[in-house]
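One is the number of the first residue; the rest follow in order along the sequence.
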Amino acid sequence: MRTTPNSPHIRGRWRQFGSAAAATAALLVAGFGTAAHASAATATTTAHKVSTKAIAAQVAKAHVQYEKAGCGATPKKGYAACNALRVTGGTTAFMEKQAALKGIAPKTVKPNAASDSPTGYGPSDIQSAYGLTDAAASNGSGETVAIVDAYDDPNAEADLATYRSYYGLSDCTTDNGCFKKVSQTGSTTSLPSADSGWAGEESLDLDMVSATCPNCNILLVEAKSASDANLGTAVNEAVKLGAKFVSNSYGGSESSSDTSYDTSYYKHAGVAITASAGDEGYGAEYPAASRYVTAVGGTALKTSSNSRGWTESVWKTSSTEGTGSGCSAYDAKPTWQTDTSCSKRMIADVSAVADPATGVSVYDSYGSDGTGWNTYGGTSASSPLIASVYALAGTPGSSDYPAEYPYAAAGTSALNDVTSGNNGTCSTSYYCTAKSGYDGPTGWGTPEGTDAFTG
């Protein structure tokens, strides 16, 4: 994995949207999840008349600084880093939008300080952007999405409760059976040592499952370290405990050991396993390169005047800051992947929001990297989001490897084709540059409902 400088600067820019969609978009962008919140947002919009042009001019000023989460340092051989990025300063596009609607000066995120209220996308934004509003309300009951991370977050359940309460989501606790936290051996009492860096990653993952599939149960499996072997063992434990959907928001450099890791840890028929494509621009990493997982790239997600109400492009800040992609050096190409220039496994398969400028709201109270409400980005956001879309789509076929499902829907309305942007420079254009159809950074695109994620 390549080294990335800390605290890079990026700018998030949102397109102007038509007046007919303004009121609806205002609610969606606010990320409110309850009727009371929605009513308050409507009142605010009514009280302050503001033109679409004025809103667009305001949100165009959005700019943020961000840093790797404490678990994102370049790992040594045989270990993985998390793919989470936390906004530490500036004004997000979400905050600019809210300021325009209220007719006030925008607030800022102070460096290394969290906020007392959300500054990023919430559940209604995510569900709206990916055509999941109806499915999120109706589907997911009885399904378990597993999150695999390293080390313990002692505040995981309490922070999850704060997030869900704010957005009006049902309780998800140990007591009601919705939430469970275990070690890589399945123990609920003998947990790994606590780690403040990985705690932010775990909160991001749990909140993304809640936002996308609020009716799903959540299983958090904590590996005792960030070694490939321990994280892989945690994946096996998640499957052993019955999870049919497993998200892995971490990665490291490819190695000749990857093919053995494939069969030891990630080859689980009938289970949808997702993995982040990486945050350091063009280049392949593992386990996203495994042919048994769905490799998830990252996009910048912005409001639009189109019929969808949203638009996406490849997430890129610089040649070393953006979604990962590429042709694996070791993993064999699965039969369902048919791009012609890469003879081995190509990354990614699909994608979802990952740009910190258009990042997601997370609540985290443990550790030194910001306690309270934060905005996070990175492909650590997109991996659990896609795992949760699989869960909304229903249990995979018992002999299937669900990474192939989006390929059966390629080119249909079940996926939003991302056709603009790149994540670096490469010798084969589609490895790093978006185009109509398949490309490395965004795969076949982003979800539009659940049809592309079922067999």
Taking the side chain as every heavy atom from C-beta outward, state whether [X] and [Y] have any pair of such atoms under 4.5 Å apart.
| X | Y | answer |
| --- | --- | --- |
| F179 | L220 | yes |
| V293 | H268 | no |
| K68 | L85 | yes |
| D153 | S203 | yes |
| V235 | I273 | yes |
| S183 | P192 | yes |
| V389 | L132 | yes |
| V360 | M208 | yes |

Can you say whether the rings of Y266 and Y286 are parallel (under 30°), tilted (30 to 60°) or perpendicular (over 60°)?
->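 Perpendicular.
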Mind telling me whether Y151 and W198 have parallel, tilted or perpendicular rings, with 30° and 60° as the class edges?
->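 Judged by the thresholds at 30° and 60°, the geometry between W198 and Y151 is tilted.
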Between [X] and [Y], do the side chains contain an N or O donor and an N or O acceptor separated by less than 3.5 Å?
| X | Y | result |
| --- | --- | --- |
| N230 | S227 | yes |
| S249 | N83 | no |
| E312 | Y130 | yes |
| T185 | E237 | no |
| T88 | E67 | no |
| D400 | Y405 | yes |
| E157 | T173 | no |
| Y167 | S361 | yes |
| E143 | T395 | yes |
| T119 | T92 | no |
| N374 | Y376 | no |
| Y79 | S225 | no |
| T442 | D439 | yes |

Compare every heavy atom of [Y] with every heavy atom of [X], then report the nearest pair and how far apart it is.
| X | Y | answer |
| --- | --- | --- |
| A135 | L392 | O-CD2, 3.6 Å |
| P441 | A348 | O-CB, 4.4 Å |
| A129 | L301 | CB-CD2, 3.7 Å |
| Y366 | A194 | OH-CB, 3.3 Å |
| Q184 | V221 | CA-CG1, 4.1 Å |
| E201 | S380 | OE1-OG, 2.6 Å |

Apply the test ring pair (Phe, Tyr, Trp, His ring centres under 6.0 Å) to residues Y121 and W310: give CA-CA distance (whole Å), side-chain angles for both, the deciding distance (0.1 Å), then the verdict.
-> CA-CA 13 Å; Y121 287 143; W310 302 84; 5.6 Å; yes
Residue that, paired with D279, satisfies side-chain hydrogen bond (donor to acceptor under 3.5 Å, both in side chains) out of T317, T379, T320 | T379
What residue among E285, R291, K344, E254 forms side-chain hydrogen bond (donor to acceptor under 3.5 Å, both in side chains) with S328?
->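 So the option named by the test is E254.
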Is the side chain of [X] donor-acceptor paired with the backbone N or O of [Y] at a distance under 3.5 Å, no angle test?
| X | Y | result |
| --- | --- | --- |
| S165 | A161 | no |
| N248 | T274 | yes |
| R86 | A69 | no |
| Q337 | M346 | yes |
| T454 | D451 | no |
| T323 | G297 | no |
| T144 | A243 | no |
| S190 | S187 | no |
| N215 | A136 | yes |
| T358 | A354 | no |

I would like to know whether D159 and S365 meet side-chain hydrogen bond (donor to acceptor under 3.5 Å, both in side chains); could you show each step before the answer?
-> CA-CA 7 Å; D159 290 348; S365 68; 2.6 Å; yes
Assess whether side-chain contact (heavy atoms from CB on, under 4.5 Å) is satisfied between L231 and Y250, documenting all intermediate values.
-> CA-CA 9 Å; L231 288 164; Y250 56 82; 3.7 Å; yes
Does [X] have more than 12 heavy atoms from other residues, nucleotides or ligands lying within 6.0 Å of its [atom1]?
| X | atom1 | value |
| --- | --- | --- |
| K181 | NZ | yes |
| K267 | NZ | no |
| N176 | CG | yes |

Kindly compute the distance separating [atom1] ([X]) from [atom2] ([Y]), expressed to the nearest 0.5 Å.
| X | Y | atom1 | atom2 | answer |
| --- | --- | --- | --- | --- |
| D207 | L169 | CG | CG | 9.5 Å |
| C71 | D195 | SG | CG | 7.5 Å |
| L206 | I147 | CG | CD1 | 6.0 Å |
| Y330 | T259 | OH | OG1 | 10.0 Å |
| S388 | I126 | OG | CD1 | 9.0 Å |
| S325 | I347 | OG | CD1 | 8.0 Å |

When you look at T299 and S313, which way does the side-chain contact (heavy atoms from CB on, under 4.5 Å) test go after all the steps?
-> CA-CA 5 Å; T299 67; S313 59; over 6 Å; no
Would you say the ring centroid of Y390 lies under 6.0 angstrom from that of F245?
->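 No - the distance between ring centres of Y390 and F245 does not fall below the 6.0 Å cut-off.
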May I ask you to check whether W315 and Y282 place their ring centres under 6.0 Å from each other?
->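 No.
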Using the side-chain contact (heavy atoms from CB on, under 4.5 Å) rule, take R308 and N416 through it: C-alpha gap first, then chi angles, then the decisive distance, then the call.
-> CA-CA 9 Å; R308 178 187 171 196; N416 301 302; 3.4 Å; yes
Please walk me through it: do T446 and V418 pass side-chain contact (heavy atoms from CB on, under 4.5 Å)?
-> CA-CA 7 Å; T446 63; V418 181; 4.1 Å; yes
